[in-house]
> 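Sharing a structure with you now.
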Number of protein chains: 2
Amino acid sequence: MYDLLIGNIKELVPLTEDESKLIQKSFEPVHLKKKQFLLQSGEYSNHMRFISQGCVKLYNLDELGAEHILQFGISGWWINDLYAYLTQKPATFFIQAITQSTVLQIHRDRLNELFDKIHMMDRFFRIKTQNGYVALQERTINNMSQSAEQRYLEFIERYRDIEQQIPQYMLASYLGVTPEHLSSIRKNIRDY
Amino acid sequence: MYDLLIGNIKELVPLTEDESKLIQKSFEPVHLKKKQFLLQSGEYSNHMRFISQGCVKLYNLDELGAEHILQFGISGWWINDLYAYLTQKPATFFIQAITQSTVLQIHRDRLNELFDKIHMMDRFFRIKTQNGYVALQERTINNMSQSAEQRYLEFIERYRDIEQQIPQYMLASYLGVTPEHLSSIRKNIRDY
DNA sequence: CTATTTCATTAAGGTATCTTAAGAACGCTA
DNA sequence: TAGCGTTCTTAAGATACCTTAATGAAATAG
């Protein structure tokens, strides 16, 4: 269970055997049933979270109560309400399991200890966040310059593994369209 | 000129006098006239860039040649085609001065040297990128859940200093609407 | 195995935003 | 100060996407 985590870190930075063990000891596993919450709006997000197994969603609710999915997370991804984590303010997002999932999480205090003890942990999260930033930038550009149909086609090509774990209306929410509209987009594609 | 840069870093992490000097020596100033390019699509982005004075825009062109502004940068902000910088692939974005500007830039090789010499530089860019990520996430959510009018109102409230340095059609591009539509939004607001 | 909930589809009418085109205001520069 | 490029506005018609509502299919619970 921890191999995926340590492997994920070692992909980007070198770690000694001792460091790996120290990191491993700092994370605790959390098991989630389908639809169970890892974080709810209003709660404090005191952990960084790595998805070991399963599929979760990060979303918020607007004034009208409509759900907007900001991110999906599957095995090997990090997920959090980063703003709430960093500022220690109440979360504005929900993190909920879409399928039964296992998450490895580390408390902020433990992680900050790691940052001080292991220079490479600062670097790992720097690089990881940079990569996340770049991906989000690309999504922003795509949202600005592409039609819903183009965004849909790009998503299913790029994230086929995610598409297969989630219902279609959640994908619609992520893409920023109504389920009805996504359905009609798919119909158009079928009809060439 | 360098005070703003060093101050910007020291806001987030501590630096010794020696470290500050080393950092300062690693950056070089670039002066830009209005409309001059700091980076063009197809070029390599080998520098991290800090805006010391003025106002610049980061944008790309879609297949139809339409311009989409991803980010503005003013005095005290960092700006880059981060994907191109990190992957060392040709840039897909342009960075262009909106007003006469001064930029302090550091070559990737120098910056990587700093990362190895100064642990706090890794931390600084980790935190900086985390903050940028959070801001971009919020923008993404806003784009998904708010009308163009709401996004406009939020922008001018939050970034009054930027709004005053840029023409309205660039703000329209940033907000993801046509200049005509932004104009009509402003008219509606005027008429209450 | 049936009942119930969840999810996907279809269609009609409505709204936000775009496209195109034209003209007006502004600010440089000759 | 005249002229020219840049920016902003207005308006009409087009389009993408939404809302609502109803139906059917699939998954899940009892």
Side-chain angles (χ1 to χ4, degrees), chain A residues 32-36 54-55 57 59 61-69 72 96-100 140 142-156 162-192, chain B residues 33-36 55 57 59 61-69 72 96-100 140 142-156 162-192:
Chain A
L32 297 169
K33 292 182 204 150
K34 191 172 173 173
K35 297 196 180 175
Q36 202 176 337
C55 183
K57 61 177 173 175
Y59 68 94
L61 301 178
D62 64 24
E63 327 80 55
L64 302 168
E67 176 176 321
H68 299 278
I69 297 181
F72 295 111
Q96 189 182 20
I98 297 174
T99 64
Q100 184 196 312
T140 303
N142 286 349
N143 281 335
M144 292 190 339
S145 58
Q146 298 190 312
S147 67
E149 177 172 325
Q150 286 173 311
R151 280 179 276 143
Y152 170 68
L153 289 170
E154 203 164 304
F155 185 95
I156 58 174
I162 293 181
E163 193 221 346
Q164 276 152 13
Q165 298 187 59
I166 62 173
Q168 193 174 303
Y169 73 90
M170 286 190 195
L171 177 48
S173 169
Y174 177 88
L175 293 174
V177 298
T178 58
E180 294 85 354
H181 188 52
L182 178 54
S183 179
S184 98
I185 285 170
R186 282 161 50 85
K187 182 187 170 141
N188 286 339
I189 292 171
R190 254 181 278 133
D191 302 349
Y192 305 122
Chain B
K33 291 182 206 151
K34 191 173 173 173
K35 296 197 182 176
Q36 201 176 337
C55 182
K57 60 179 174 175
Y59 68 93
L61 300 178
D62 65 24
E63 328 80 57
L64 302 169
E67 177 176 321
H68 299 279
I69 297 181
F72 295 111
Q96 189 183 19
I98 297 174
T99 64
Q100 183 196 313
T140 304
N142 286 349
N143 280 335
M144 293 192 335
S145 59
Q146 297 190 310
S147 67
E149 177 173 324
Q150 287 173 311
R151 280 178 275 142
Y152 169 68
L153 289 171
E154 203 164 304
F155 185 94
I156 58 174
I162 294 181
E163 193 221 349
Q164 275 154 12
Q165 298 187 58
I166 61 174
Q168 193 174 302
Y169 72 90
M170 286 191 196
L171 176 49
S173 169
Y174 176 89
L175 293 174
V177 299
T178 58
E180 294 84 356
H181 188 52
L182 179 53
S183 179
S184 97
I185 285 170
R186 283 162 49 86
K187 183 188 171 138
N188 287 338
I189 292 170
R190 252 181 281 134
D191 301 349
Y192 304 122

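Just so it is clear, the model here is predicted, and its values are computed rather than measured.
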> Taking the side chain as every heavy atom from C-beta outward, state whether Lys57(B) and Gln96(B) have any atom pair closer than 4.5 Å.
yes

> Starting from the 5' end of DNA chain D, give me the residue, Pro179(B) or Gln146(A), whose nearest nucleotide shows up first.
Pro179(B)

> How long is the line joining CG of Leu182(A) and C1' of dC17(D), in whole Å?
12 Å

> Grab the N/O contacts between the protein and nucleotides 22-25 of chain D below 3.5 Å, and write none if there aren't any.
none

> Is there a donor-acceptor pair closer than 3.5 Å between any side-chain N or O of Gln36(A) and the backbone N or O of Ala97(A)?
no

> dA16(D) P sits how many Å from Glu149(A) CD, rounded?
10 Å

> Atom CD of residue position Gln150(B) - does it have more than 12 heavy atoms of other residues, nucleotides or ligands inside 6.0 Å?
yes

> In whole angstrom, what separates Ile98(B)'s CD1 from dT7(D)'s P?
11 Å

> Test of understanding: with ring-ring contact (aromatic ring centres under 6.0 Å, His included), list the residues that count as partners of Phe72(B), not counting sequence neighbours.
Tyr174(B)

> Using side chain to side chain contact (heavy atoms under 4.5 Å, CB included), reason through Tyr169(A) and Thr178(A) one step at a time and then give a plain yes or no.
CA-CA 8 Å; Tyr169(A) 73 90; Thr178(A) 58; over 6 Å; no

> Any side-chain N or O of Arg186(B) below 4.0 angstrom from OP1/OP2 of dT9(D)?
yes

> If you take any heavy atom closer than 4.0 Å to DNA chain D, which residues from residues 165-175 of chain B end up in contact?
Pro167(B), Gln168(B), Tyr169(B)

> Between Leu64(A) (CG) and dT19(D) (P), how many Å, whole number?
9 Å

> Given Gln168(B), which partner from the list Ser173(B), Ser183(B), Pro179(B) fulfils the side-chain contact (heavy atoms from CB on, under 4.5 Å) test?
Ser183(B)

> Please check: side-chain N/O of Thr99(A) versus main-chain N/O of Gly54(A), any donor-acceptor pairing under 3.5 Å?
no

> Can you list the steps and then say if Asn188(B) with Glu149(B) is a side-chain hydrogen bond (donor to acceptor under 3.5 Å, both in side chains)?
CA-CA 9 Å; Asn188(B) 287 338; Glu149(B) 177 173 324; 5.0 Å; no

> For the helix from dC1(C)-dG30(D) to dA30(C)-dT1(D), measure the angle between the helix axis at one end and the axis at the other, each built from five pairs, rounding to 10°.
40°

> Using atom names, set out every protein N or O paired with an N or O of nucleotides 27-30 of chain D below 3.5 Å, distance rounded to 0.1 Å.
unit_1	atom_1	unit_2	atom_2	d
dT28(D)	OP1	Lys34(A)	NZ	3.3

> Can you pull the contact range of chain B along DNA chain C, 5' to 3', using atoms under 4.0 angstrom from its heavy atoms?
dT17(C) to dA21(C)

> Could you check whether any side-chain N or O of Ser145(B) sits under 3.5 Å from a backbone N or O of Asp62(A), counting only pairs where one atom can act as donor and the other as acceptor?
no

> Could you tell me how far apart Arg151(A) (CZ) and dC17(D) (C1') are, to the nearest whole angstrom?
10 Å

> Given that Lys35(B) and Gly176(A) both sit by DNA chain D, which one's nearest nucleotide is further toward the 5' end?
Lys35(B)

